[in-house]
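Taking it in order: structure first as structure tokens, then the write-up.
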Amino acid sequence: MTTNTAAWISTKRADLTVKPAAYTPPGDHEIVVKNHAVAINPLDWILQNAGELVFSWIKYPFILGSDLSGEVVEVGKKVSRFKVGQRVLAHAVGSDPKRNSAAEGAFQNYTVVLAHMACPIPDTMSYESAAVLPLGLSTAACGLFEKDQMALQHPSVNATQAKVTGHTVLVWSGSSSVGCNAIQLAVAAGYEVITTASAKNVDYLKKLGASQVFDYRSDSVVSDIIAACHGKTLAGAMAIGMGSMEACLDIVHACKGNKFVAMATFPVSFQKMTKGTNLKYQFLRQLPRLVAFMLSMQVKSRLRGIRTKAIFGTSLIANEVSRAIYVDFLPAALAQGVFVAAPEPHVIGKGLAHVQAGLDMQRKGVSASKIVVSL
Ligand SMILES: NC(=O)c1ccc[n+]([C@@H]2O[C@H](COP(=O)([O-])OP(=O)(O)OC[C@H]3O[C@@H](n4cnc5c(N)ncnc54)[C@H](OP(=O)(O)O)[C@@H]3O)[C@@H](O)[C@H]2O)c1
């Protein structure tokens, strides 16, 4: 019998503790992956610190984690794309309300994964590199390609097949994990990308395919981007990071093209809501700002004819975008080097005991890097 171990969150706001977990076999359309690396996302510490506010369906004890890479050890009856022993990356979706399953969290040795949310990886790609992709990739893909989001044409590995649209996508916060994926996906789909980042990350984002990179800390960043978009047609904007929505609304309003902003970041700062703080008090303190933000966003967007929509990074499970990315595009794109694992992995240790430190480090902030734990 296979034995499993997980970094459990035993109750709301508890530190993760490493303990035995059941090994769960795959359902018909699932595979089981023996994880060799997991990566940390803001969602992980947000759920740890404020899970009852944001994902109230989670029942404790639970296993968090979205990003994993490893080796297939068992394949569901109706899965033909994978075989035992294959190296893969996958988006673990245990926290999604329709899955709501500890067996599908990444922070354990064996995770049950939906086959259409997994992708084979090339032999030359390390597990640590592959693990940086899943949630950032899925979130970017939802915002860019879902029919009720930006609805861009899908990416293609073959540059001659990707009809070059002549249209431009604005990605605010290109050096974030979501941003690095959004840049590469939009370019592979035939769009020019304008983005923002700190000066030190400009060259990196240009290598990923961005045509112009602006410093989001500059006082003139909004007017500089509006000037850069003169004569171009915007296909839409993706707002990532605090303050991004306001800037994107101003830019989209002033530019020609699709009046649409996909919103990745919820406008509440969870960073200061640590385990020891009174969560309800912290949230109530932010409530007036949140209400004011929502009202002003509604008014600004309606008056300007701009459509906005919040992204939910697992919504692609149930639509054609998951297959367009994880089945049709990513396997070949990784094999041919058309798509790279970005941002860079920052490996902090080996073993599930390091995952809690990873959550604490991610909460303090990263720059064009992803915290990874080898297993
Ligand atoms: N809606 C969803 O389903 C979903 C899913 C995943 C993530 N998210 C959200 O999307 C956001 C990004 O997540 P992530 O994992 O990609 O983050 P991340 O990799 O941790 O983001 C780090 C980057 O953020 C940039 N940054 C910091 N402050 C900024 C600001 N004020 N404006 C613009 N950029 C700023 C930094 O850029 P420089 O170092 O270049 O300064 C850094 O490279 C988070 O708010 C996260 O909660 C939402």
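The analysis underlying the following values was restricted to heavy atoms, covering all of them including side chains, and did not include hydrogens, waters or symmetry mates. Every number for a ligand or one of its atoms is a count from 1 in the order of the listing.
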Legend entry - Closest approach of any protein heavy atom to atom 11 (C) of ligand 1, naming residue and atom: Thr265 OG1, 3.4 Å

Inset, instruction - Could you establish whether Ala368 and ligand 1 come within less than 4.0 Å of each other, counting only heavy atoms on the residue side? - result: yes

Inset, instruction - Name all residues meeting the side-chain contact (heavy atoms from CB on, under 4.5 Å) criterion together with Ser211; count only those two or more places apart in sequence or in a different chain, and write none if there are none. - result: Glu192, Ile194

Inset, instruction - Report, in ascending order of atom number, the atoms of ligand 1 lying under 4.0 Å from any heavy atom of Asn201. - result: 38 (P), 39 (O), 40 (O)

Inset, instruction - State if Met263 counts as touching ligand 1 under the rule of any non-hydrogen atom under 4.0 Å. - result: no

Inset, instruction - Provide the closest heavy-atom pair for Pro331 versus Pro120 in the form atom of the first, atom of the second, distance. - result: CG-CD, 3.9 Å

Legend entry - Nitrogen or oxygen of Ala264 less than 3.5 angstrom from that of ligand 1: yes

Legend entry - Donor-acceptor side-chain pairing of Lys232 and Thr168 below 3.5 angstrom: no

Legend entry - Non-hydrogen atom of Gly136 closer than 4.0 Å to ligand 1: no

Inset, instruction - Would you check the N or O atoms of Ser369, main chain and side chain alike, for any that come under 3.5 Å of an N or O of ligand 1? - result: no

Inset, instruction - Decide yes or no on side chain to side chain contact (heavy atoms under 4.5 Å, CB included) for Leu359 and Gln362, but give the supporting numbers first. - result: CA-CA 5 Å; Leu359 266 61; Gln362 205 322 310; 5.8 Å; no

Inset, instruction - Say whether Ser369 and His346, considering side chains only, have a donor N or O and an acceptor N or O under 3.5 Å apart. - result: no

Legend entry - Gly313 neighbourhood, listing ligand 1 atoms whose heavy-atom distance to it stays under 4.0 Å: 2 (C), 3 (O)

Legend entry - Pair Glu128-Ser374, side-chain donor/acceptor within less than 3.5 Å: yes

Legend entry - Proximal ligand 1 atoms for Arg217, defined as those under 4.0 Å from one of its heavy atoms: 41 (O)

Legend entry - Test applied, side-chain hydrogen bond (donor to acceptor under 3.5 Å, both in side chains); reference residue, Glu71; option that passes from Lys34, Gln86, His36: His36

Legend entry - Check: Lys370 N/O within less than 3.5 Å of ligand 1 N/O: no

Inset, instruction - Looking only at distances, please establish whether an N/O atom of ligand 1 is found under 3.5 Å from an N/O atom of Tyr216. - result: yes

Inset, instruction - Please indicate whether any nitrogen or oxygen in Ser173 is less than 3.5 Å from any nitrogen or oxygen in ligand 1. - result: yes

Legend entry - Residue part near ligand 1, for Val366, under 4.0 Å between non-hydrogen atoms: both

Legend entry - Donor on one side chain, acceptor on other, Tyr23 and Glu74, under 3.5 Å: yes

Inset, instruction - Pull out every atom of ligand 1 sitting under 4.0 Å from any heavy atom of Phe312, numbered as shown with elements. - result: 3 (O)

Inset, instruction - Kindly state whether the ring of Phe145 and the ring of His154 have centres lying under 6.0 angstrom apart. - result: yes

Inset, instruction - Specify the protein heavy atom at minimum distance from atom 19 (O) of ligand 1: its residue, its atom name, and the distance to 0.1 Å. - result: Ser177 N, 2.9 Å

Legend entry - Heavy atom of Leu43, distance to ligand 1 below 4.0 Å: no

Inset, instruction - Answer with yes or no whether Gln362 contacts ligand 1, where contact means a heavy atom under 4.0 Å from a ligand atom. - result: yes

Legend entry - Worked check of salt bridge (Lys or Arg N to Asp or Glu O under 4.0 Å) between Arg304 and Asp250: CA-CA 9 Å; Arg304 296 162 163 190; Asp250 288 346; 3.0 Å; yes

Inset, instruction - For atom 31 (N) of ligand 1, find the nearest protein heavy atom and state the residue, atom name and distance (0.1 Å precision). - result: Met242 O, 3.4 Å

Legend entry - ligand 1 N/O within reach of Thr196 N/O, cut-off under 3.5 Å: no

Inset, instruction - Using distance alone, determine whether Val178 and ligand 1 share an N or O pair under 3.5 Å. - result: yes

Inset, instruction - Report the residue from Val32, Val79, Val33 that forms a side-chain contact (heavy atoms from CB on, under 4.5 Å) with Pro26. - result: Val32

Inset, instruction - Within a distance under 4.0 Å of any heavy atom of Trp172, pick out the atoms of ligand 1 and give their elements. - result: 32 (N), 33 (C)

Legend entry - Protein contact to atom 4 (C) of ligand 1 [nearest heavy atom, distance to 0.1 Å]: Thr139 CG2, 3.6 Å

Legend entry - Positive for side-chain contact (heavy atoms from CB on, under 4.5 Å) with Val372, one of Val38, Ile348, Val132: Val132

Legend entry - Those atoms of ligand 1 less than 4.0 Å from some heavy atom in Ser367: 38 (P), 39 (O), 42 (C), 43 (O)

Inset, instruction - Heavy-atom contacts with Ile311 under 4.0 Å: which atoms of ligand 1 show up? List them by number with element. - result: 1 (N), 2 (C), 3 (O)

Legend entry - Check: Tyr110/Thr24 side-chain N/O donor and acceptor closer than 3.5 Å: no

Legend entry - Nearest-neighbour protein heavy atom for atom 47 (O) of ligand 1, which is reported as residue plus atom name and distance: Pro42 CB, 3.9 Å

Legend entry - Protein contact to atom 40 (O) of ligand 1 [nearest heavy atom, distance to 0.1 Å]: Ser175 OG, 2.7 Å

Inset, instruction - Mind running salt bridge (Lys or Arg N to Asp or Glu O under 4.0 Å) on Glu104 and Arg99 for me, showing each step along the way? - result: CA-CA 8 Å; Glu104 296 176 60; Arg99 307 301 301 179; 3.0 Å; yes

Inset, instruction - Return a yes/no value for Ile46: is any of its N or O atoms, backbone included, closer than 3.5 angstrom to an N or O of ligand 1? - result: no

Inset, instruction - State, without any angle test, whether Asp360 and Gln356 hold a side-chain donor-acceptor pair at a distance under 3.5 Å. - result: yes

Inset, instruction - Among all protein heavy atoms, pick the one closest to atom 12 (C) of ligand 1 and tell me residue, atom and distance. - result: Ile240 CG2, 3.4 Å

Legend entry - Atoms of ligand 1, numbered as shown, that sit under 4.0 Å from any heavy atom of Ala197: 40 (O)

Legend entry - Flag for Thr111-Asn35: side-chain donor and acceptor within less than 3.5 Å: yes

Inset, instruction - Measure the shortest side-chain to side-chain distance between Val261 and Met245 over non-hydrogen atoms and say whether it is less than 4.5 angstrom. - result: yes

Inset, instruction - Report the nearest protein non-hydrogen atom to atom 21 (O) of ligand 1: residue, atom name, distance rounded to 0.1 Å. - result: Ser176 CB, 3.4 Å

